[in-house]
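Each remark here refers to the structure printed beneath this line.
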Amino acid sequence: MPAEFASLKLKNPFMAASGCFGYGWESAGTFGEPTLGAVVTKTVTPEPVEGNPPPRIFETESGIVNRIGLQNCGVREFIERHLPRLSSLSLPYIISIYSFSRKGWGPLAGRVSETGAAALELNLSCPNLKGKRFTLDSEGCALALEAVKQATNLPLLAKINAYDAPVELSCALAEAGADAVVCSNTLPAAVIKNGVYFEGGLSGPAIKPVVLKAVKAITSELRIPVAACGGISSLEDVREYSQAGAKAFQLGSALLKNPRAAEKILRQSREDKQNG
């Protein structure tokens, strides 16, 4: 099932969503190299980030709430420690990036652009950074993308959320030079565990109807390609997002249950064709 997405030529249209497959290489040693078109790394920032204190992940009736808070090792250690292992995989990798300041986006993009990455994904929508984000609106997101555009020639994917004016934001990002949009990041949510209130981001089956609506709205308004991300775990999910206009599919929570979820969907597709 070859696919082309934002000038990327992939063996299939499935990608591991950022944050759900580590830095992109870890699961290969346990489960074998994943059957994916590409893998998106955990988001990398200019400096190390500790993230939020535990607990960080909660199972709910219809998905997962996480509050990781962009915990990562920073770009220097990423390049020194993780990149060699990531580069040993035979599938393309897309580096997810985020900067807490406007001036940090360009230099960060410039550093990771020399690593052999197939593309960069700008994380413009993490819901777990309350009080720290600068890219809160269309203008801020566009400024971040413009800074990255000046620092790299790689294809640029902009990851947005599905609940906060996705069409308006996608238009601004397209005008700023985005090659594709990824919709959606997790949606703001909350849980109470043992009497303690926690805020985080919800992923999984519960958010699919919200993301489906946003994908349809974006693709109806713009010609920019969209990768759907939200509750995808079966061939039926893929078909529905395809009908809404998505050209690629990022798997998130599904990979936490089955790191070879893309292989399962591809098998379902082959069996469906064989059965007529």
Side-chain angles (χ1 to χ4, degrees), residues 5-8 15-26 38-52 68-89 92-161 169-170 172-182 185 224 227 250:
F5 181 75
S7 77
L8 300 176
M15 308 177 192
S18 177
C20 297
F21 220 60
Y23 288 99
W25 60 266
E26 294 91 333
V39 61
V40 184
T41 70
K42 171 191 276 288
T43 297
V44 179
T45 54
E47 301 296 331
V49 175
E50 292 186 2
N52 293 319
I68 305 300
L70 288 192
Q71 178 270 325
N72 77 98
C73 62
V75 66
R76 179 178 178 179
E77 185 174 339
F78 170 76
I79 291 174
E80 293 177 353
R81 177 185 174 193
H82 296 285
L83 186 64
R85 297 175 179 177
L86 184 60
S87 300
S88 68
L89 299 179
Y93 55 91
I94 298 166
I95 300 177
S96 173
I97 61 173
Y98 179 82
S99 173
F100 290 92
S101 68
R102 176 180 173 182
K103 65 181 181 180
W105 284 96
L108 174 60
R111 291 190 69 179
V112 299
S113 292
E114 305 300 323
T115 63
L120 301 183
E121 181 179 277
L122 284 68
N123 185 348
L124 301 172
S125 48
C126 178
N128 298 318
L129 297 172
K130 185 171 63 175
K132 300 178 182 178
R133 295 178 57 194
F134 110 93
T135 52
L136 284 173
D137 55 20
S138 296
E139 181 180 2
C141 290
L143 288 172
L145 195 137
E146 288 171 355
V148 172
K149 191 79 173 178
Q150 294 175 6
T152 182
N153 292 320
L154 291 176
L156 301 181
L157 284 57
K159 189 169 187 177
I160 68 172
N161 62 55
L169 181 53
S170 296
L173 291 167
E175 291 178 5
D179 295 287
V181 165
V182 179
N185 212 317
I224 191 168
Q250 290 197 357

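Not measured: the values here are computed from a predicted model.
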| query | Quick one: are L154 and I95 in side-chain contact, heavy atoms under 4.5 Å? | reply | no

| field | Rounded distance (nearest 0.5 Å) linking atom CG of D179 with atom OG of S7 | value | 6.0 Å

| field | Atom pair CD/CG of E26 and L86 - distance to nearest 0.5 Å | value | 8.5 Å

| said: Do F78 and N72 have side chains that approach each other closer than 4.5 Å (heavy atoms only, starting at C-beta)? | reply: no

| Check: L8 and P92 side chains under 4.5 Å, non-hydrogen atoms | no

| Heavy-atom pair with the smallest gap, counting every atom of A172 and S138 | CB-CB, 3.9 Å

| field | pair W105-L143: side-chain heavy atoms closer than 4.5 Å | value | no

| query | Just how far is it from atom CG of L122 to atom OG of S96, taken to the nearest 0.5 Å? | reply | 8.0 Å

| remark: Contacts of R85 meeting salt bridge (charged side-chain N to carboxylate O under 4.0 Å, His left out) (sequence neighbours excluded), chain-then-number -> none

| field | For the student: nearest non-hydrogen atoms of S99 and G104, plus distance | value | OG-CA, 3.3 Å

Quick one: side chains of residues 108-115, donor-acceptor pairs under 3.5 Å with protein atoms, not counting sequence neighbours, listed by atom name and distance.
{"residue": "S113", "atom": "OG", "partner": "A109", "partner atom": "O", "Å": "2.5"}
{"residue": "S113", "atom": "OG", "partner": "T152", "partner atom": "OG1", "Å": "2.7"}
{"residue": "T115", "atom": "OG1", "partner": "V112", "partner atom": "O", "Å": "2.5"}

| Does some side-chain heavy atom of W25 sit less than 4.5 Å from a side-chain heavy atom of S87? | no

| Can you check whether Q250 reaches K159 side chain to side chain, under 4.5 Å on heavy atoms? | yes

| task | Hey, could you give me the OG1/CD1 distance between T43 and I97, rounded to the nearest 0.5 Å? | result | 9.0 Å

| Side chains of V40 and V182 in contact at under 4.5 Å (non-hydrogen atoms) | no

| query | If you take all heavy atoms of P46 and V75, which pair is closest and at what distance? | reply | O-CG1, 3.4 Å

| field | Nearest non-hydrogen partners of A144 and L124, listed with the distance | value | CB-CD2, 4.3 Å

| message | Test of understanding: with salt bridge (charged side-chain N to carboxylate O under 4.0 Å, His left out), list the residues that count as partners of E77, not counting sequence neighbours. | response | R81

| query | Do L173 and L156 have side chains that get closer than 4.5 Å, going by heavy atoms? | reply | no

| remark: All heavy atoms of Y98 vs all of N123, minimum pair found to be CD1-O, 3.1 Å

| query | How close do S18 and E121 get, heavy atom to heavy atom, and via which atoms? | reply | CB-OE2, 3.8 Å

